[in-house]
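All chains are named by letter (A, B, ...) in the order of the sequence lines, taking the proteins before the strands, and each is independently numbered beginning at 1. Since this is a predicted model, take the numbers as computed values, not measurements.
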Amino acid sequence: MSVDISVNGEVTTAYLNGEIDHHTAASIRNAIDNAAELNMPALLVLDFTRVSFMDSSGIGLVMGRYRNLSRRGGKLHITGTSPQIYKVMKLSGIEKLATIDECKK
Amino acid sequence: MEIINKFSMNILSRSANEGFARATVAAFAAQLDPTLEEINDIKTAVSEAVTNCIVHAYRESIGKIYISGEITDTNIIKIKIRDNGCGIENVEKAMEPLYTTVGGERAGLGFAVMQSFMDSIRVRSHVGKGTTILLSKKIAPRYTVNG
Ligand SMILES: Nc1ncnc2c1ncn2[C@@H]1O[C@H](COP(=O)(O)OP(=O)(O)O)[C@@H](O)[C@H]1O
Ligand SMILES: [Mg+2]
């Protein structure tokens with residue numbers, strides 16, 4: 001599992017890579033939070049294009065980032081989800097908190 | 001209904017085994033020729049059940065997780081995931097979406113995922129003794145022309 005960060009003005013994008021479960025969630029969280037504290041983005045984009053699996057630990061991860069961001073008025077966007085990840089996202093109702101792109105096929 | 005294949009294994013409740021457990025069960029299920037969506041449903045549900053053994057049943061300690069599977073001649077896969085951990089006081093409550101007993105970043109959606117991604121789930125739990133989760137899913141037979 002790895003996280004690549006790119007910063008473009010007000011927008012910070014975290015490119016997640018690998019499988020997201022309880023085992024990997026903590027290190028992903030740290031990588032995203034370090035970048036968010038440094039850059040204070042108005043918009044944080046989580047890019048799941050290279051994530052091959054996610055369970056509800058990933059929902060905890062997304063919800064936690066949403067809470068941190070919304071405390072200082074930042075917004076969250078989710079993109080690049082596979083059908084498997086999109087299905088887990090949908091079940092959680094996360095689209096009420098963040099914007100999410102339709103999943104790739 | 002006849003059982004045509006089985007496996008069983010046990011693993012330590014180390015978080016590194018979450019990926020191992022779901023991949024192993026998915027490999028066993030593959031012989032039913034499931035769609036990618038069906039295999040992902042099984043993987044996700046197993047990941048939830050195994051993670052619960054690690055996070056909730058054994059917490060700071062390390063115990064054994066017993067995982068077994070059966071395939072029937074009616075194309076049903078049954079998966080059993082058992083721990084000898086702390087048990088669940090109120091199963092009905094534990095299964096409510098968003099209910100979680102630990103702080104941090106648990107979503108409280110593990111049971112909701114198991115329920116919606118599988119055909120059926122049964123939970124047996126005794127406080128101080130442990131928990132058994134039974135999951136089952138029928139894999140729709142796929143007929144192919146020209147084999
Ligand atoms: N194997 C288990 N042993 C003990 N308690 C469990 C077990 N599985 C689930 N629970 C309890 O049920 C609650 C809900 O589980 P779940 O829906 O997976 O959400 P989460 O894991 O995010 O807390 C847990 O917070 C825990 O209290
Ligand atoms: Mg859980």
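- Of the atoms belonging to B:L36, not a single heavy atom falls under 4.5 Å from chain A.
- Tested against A:L76, the residues A:L69, A:L43, A:I100, A:T99 include a single side-chain contact (heavy atoms from CB on, under 4.5 Å) partner, A:L69.
- Per-residue heavy-atom pair counts under 4.5 Å with chain B were compared for A:L91, A:T24, A:L61, A:V88, and the maximum is reached by A:L91.
- The candidate with the highest count of non-hydrogen atom pairs below 4.5 Å against chain A, out of B:K43, B:E37, B:E48, B:R106, is B:E48.
- Taking every heavy atom of both residues into account, B:D73 and B:M1 meet most closely at OD1-CA, 3.6 Å.
- Contact annotation for A:V62: neither backbone nor side-chain heavy atoms come within less than 4.5 Å of a heavy atom of chain B.
- Counting heavy atoms from C-beta on, the side chains of A:F48 and A:S82 never come closer than 4.5 Å.
- Comparing A:R29, A:M63, A:H22, A:M54 by how many heavy-atom pairs each has under 4.5 Å with chain B, the most go to A:H22.
- Heavy atoms of B:D41 lying under 4.5 Å from chain A belong exclusively to its side chain.
- Of the listed residues (B:G110, B:S47, B:A107), the one with the most heavy-atom contacts under 4.5 Å to chain A is B:S47.
- Looking at B:R14, there are no atoms closer than 4.5 Å to chain A (heavy atoms on both sides), in backbone or side chain.
- Using a 4.0 Å cut-off between charged side-chain N and carboxylate O, A:K75 and A:E10 make no salt bridge.
- Within 6.0 Å of CG on A:N8 lie no more than 12 heavy atoms contributed by other residues, nucleotides or ligands.
- Cation-pi geometry between B:K80 and B:Y66 is not met: the NZ or CZ atom fails to fall both under 6.0 Å from the ring centre and inside 45° of the normal.
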